[in-house]
Amino acid sequence: MTGLLNNVKTAPFALSIATFLLGLRLGVIKSSTVTQVATVSVRSTARQYPVVATILLLVAGRDTWSLIPNWAKKNIPLIGRRVGVEPETEDPDDLTSFPAISMKLRNLFQRGKEKLSSGQQIEKPGLVFLALIQIMSQVKQQLAFGRDQTYEESGKEIQNPRDVLDGMDEFLDFADWAYGELPEGESLKGNLQAKGYSLLRHEKTAMPGHAAHYVAVSTERREALIGIKGTSGLEDILTDCCGNAVRYNISNAEGDKQEIICHEGVLLSSRRLADDLLTFVESVLLPSGYKITVTGHSLGAGVAVIFSMILRSRIEELRMNDKKLKVLAFASPPILDYESSKKCESFVTTFINNSDIIPRCSLSNLVLLMGFMQTVNQRLDEEGISPKDMKSTAAFAKWLVQGKHGEMLLKGTDIRDNLNRALENVDIDDVDHLYVPGRVVHMFDEWTKEGYGKKNVPTAEKVYVSDGIAKVLRLIEIDDRMMSDHMPPGYRASIRSLLNKADILYPKNVTERGM
């Protein structure tokens, strides 16, 4: 029993007891007839031992306070305002400020509401979305060839995967290590040393609008490596959620200006990181003859791109020589307008794995999804199975239970035509629509392959090169793997399976693998 008690985490345990006792004292917690006797007994105990209840409450308060991040503590009201911050000095771009975050989220929701409210209103979107999932499962079972063909039409196939993936398994590791979630016995410093890099800096910042990162160098390769952490905690989620499309002028020393439209949260993190590392890059790394590689996964990939764009704008040497700086972005969310995304193709490569949901999480894709749901809603009405009364609800349920092998509500040609129509109705140049940056290397598995998605089956069969407006990236692909495809292990499996395929088909260069 003692061992068990020692394993109980103090804060949640104490907080639960204190909250319960306090609730009883205040009469907030009310019991049912079944538990009245026990409740009266506990309340009586609390009254008999008020000191114990008070001590537990103080312990809970102390431990709860220790769990609150420092950046959040300053938001706790004190005489009507944030601690130590005057209202007139509030920074609207300070994502550690709850008022600032709240304002940005309100703006984002308002823009989203405006975009999604156009067109036919869907009375029961939840049921229509359920029908959409059914349709997609039927497409996967009955029209898998059409999906694979859409991928093939969305870019240029790379016959030898090594041409675009050589060494990317190693750089994915570099991006993954930035999370700091390493197996027991491993360390970032040790892992980098094993790869020939020396760790110079590891900033574990945990605040909204700030990017945790590390800097390492390889004297043998004459390469500086900057790894940027992706989303792993509340702070990163808040940065992700500040997703307004905002304008930002990137100016260089010659006075040339380039206006980009980008993801606000990613921009704020990138600007702070650029301010932090600019002097080191300009005064130490470049004069020492190092080329710079910036990498990251998910949010880290997005920050890597805009951070590098800002560096290029401030350092002439990087603008004059594309080989001095490159970005390897894994699973980047949509962060740039289309024009800006195209302009960074010379130094940015984004890798996307199969049906990964994050590179498809954009307002434009939600608009397109709503457009297709309107088509589904209309067809449900036409077929008399839109749940409105007992009869239509029963018909809808009967259609649902048919599953993926059942009769399709929309035929293959209907699906293709309606999707194409929805694509045409979404303006690529809309200022609120953002896309995946740079040159896009898209690995995908074929739905037509036997055993798709099962274990011990290669997770990618083909690789294509395209850009951020490739058709398959403008559609949210509803698939069982849409979340697992986003995770580093999913990317690692796909890269390795394609490189293994290259080793079999093109064995002459097997010994040349690596960068």
Considering only NZ, NE, NH1 and NH2 on the basic side and carboxylate oxygens on the acidic side, decide whether Asp467 and Lys342 come within less than 4.0 Å. yes
Is Glu407 atom CD crowded by more than 12 heavy atoms from other residues, nucleotides or ligands, each under 6.0 Å away? no
So Glu203 and Thr205, side-chain hydrogen bond (donor to acceptor under 3.5 Å, both in side chains) or not? Walk me through it. CA-CA 6 Å; Glu203 178 58 60; Thr205 308; 2.8 Å; yes
What one should report as the nearest heavy-atom pair of Tyr290 and Ala224 is CD2-N, 4.0 Å
Donor-acceptor pair, distance only, cut-off 3.5 Å: does the side chain of Thr295 make one with the backbone of Leu328? yes
Working note: Tyr491 + Phe351, criterion ring pair (Phe, Tyr, Trp, His ring centres under 6.0 Å); need CA distance, chi angles, decisive distance, verdict. CA-CA 9 Å; Tyr491 274 77; Phe351 298 88; 8.4 Å; no
Determine, step by step, whether Asp445 and Asn354 satisfy the side-chain hydrogen bond (donor to acceptor under 3.5 Å, both in side chains) criterion, reporting the C-alpha distance in whole Å, the side-chain angles of both residues, the deciding distance to 0.1 Å, and the verdict. CA-CA 6 Å; Asp445 208 357; Asn354 203 50; 5.9 Å; no
Side-chain ion pair, Arg492 and Asp169, N-O less than 4.0 Å: no
Please work out whether the ring planes of Phe171 and Phe174 are parallel, tilted or perpendicular, with thresholds of 30° and 60°. perpendicular
Lys/Arg N to Asp/Glu carboxylate O, Lys471 vs Glu153, below 4.0 Å: no
Look at Asp148 together with Lys449 and state whether they make a salt bridge at an N to O cut-off of under 4.0 Å. no
What closest approach, in Å, do Pro334 and Leu434 show between heavy atoms, and which atom pair accounts for it? CB-O, 3.3 Å
Quick one: sort the His297 and His486 rings into parallel, tilted or perpendicular, breaks at 30° and 60°. tilted
Whether Arg162 and Asp503 form a salt bridge (side-chain N of Lys/Arg under 4.0 Å from carboxylate O of Asp/Glu) is what I want to check. yes
May I ask you to decide whether Glu170 forms a salt bridge with Arg221, counting only side-chain N to carboxylate O separations under 4.0 Å? yes
Quick one: does Ser341's side chain have a donor or acceptor within less than 3.5 Å of a partner on Tyr435's backbone? no
If you measure only the distance, is there a donor-acceptor pair under 3.5 Å linking the side chains of Ser340 and Asp337? yes
Assess whether atom NZ of Lys404 is packed by more than 12 heavy atoms of other residues, nucleotides or ligands within 6.0 Å. no
Under the side-chain contact (heavy atoms from CB on, under 4.5 Å) criterion, do Asp480 and Lys140 qualify, and how do the steps go? CA-CA 11 Å; Asp480 296 341; Lys140 188 173 181 179; 4.0 Å; yes
Arg147 to Tyr151, cation-pi by 6.0 Å centre distance and 45° axis angle: yes
Is there a donor in the side chain of Glu382 and an acceptor in the side chain of Gln378, or the other way round, less than 3.5 Å apart? yes
I'd like to know if Asp356 and Arg481 make a salt bridge, using a cut-off of under 4.0 Å between side-chain N and carboxylate O. no
For Arg421, is there an ion pair with Glu424 - N to carboxylate O distance below 4.0 angstrom? no
Glu282 and Arg314 have their tightest heavy-atom pair at OE2-O, 4.2 Å
Under 3.5 Å: donor-acceptor pair, side chain of Asp414, backbone of Leu410: no
Can Arg271 and Asp276 be counted as an ion pair, charged N to O under 4.0 angstrom? no
Which heavy atom of Ser313 sits nearest to which heavy atom of Arg319, and what is that distance? O-NH1, 2.9 Å
Apply side-chain hydrogen bond (donor to acceptor under 3.5 Å, both in side chains) to residues Thr293 and Glu223 and explain how you reach the verdict. CA-CA 7 Å; Thr293 300; Glu223 179 178 46; 2.5 Å; yes
Taking all non-hydrogen atoms of both residues into account, name the closest pair between Gly296 and Ala301 and its distance. O-CB, 3.3 Å
Are the side chain of Thr350 and the backbone N or O of Pro437 linked by a donor-acceptor pair below 3.5 Å? yes
Ignoring hydrogens and angles, tell me if any N or O in the side chain of Gln134 forms a donor-acceptor pair with the backbone of Leu400 under 3.5 Å. yes
Could you tell me whether Glu259 and Arg247 make a salt bridge, using a distance below 4.0 angstrom between a side-chain N and a carboxylate O? yes
Can the positive tip of Arg201 be found less than 6.0 Å from the middle of the six-membered ring of Tyr214, inside 45° of the ring normal? no
Looking only at heavy atoms, what is the nearest atom pair of Val305 and Ile335, with distance? CB-CD1, 3.9 Å
Would you say Glu186 has more than 12 foreign heavy atoms packed within less than 6.0 Å of its CD? yes
Please determine if Arg312 and Asp322 form a salt bridge, counting it only when a charged side-chain N lies under 4.0 Å from a carboxylate O. yes
Steps toward side-chain hydrogen bond (donor to acceptor under 3.5 Å, both in side chains) verdict (Ser355, Asp479): CA-CA 7 Å; Ser355 60; Asp479 183 53; 3.3 Å; yes
Give a yes or no on whether Glu220 atom CD has more than 12 heavy-atom contacts from other residues, nucleotides or ligands under 6.0 Å away. no
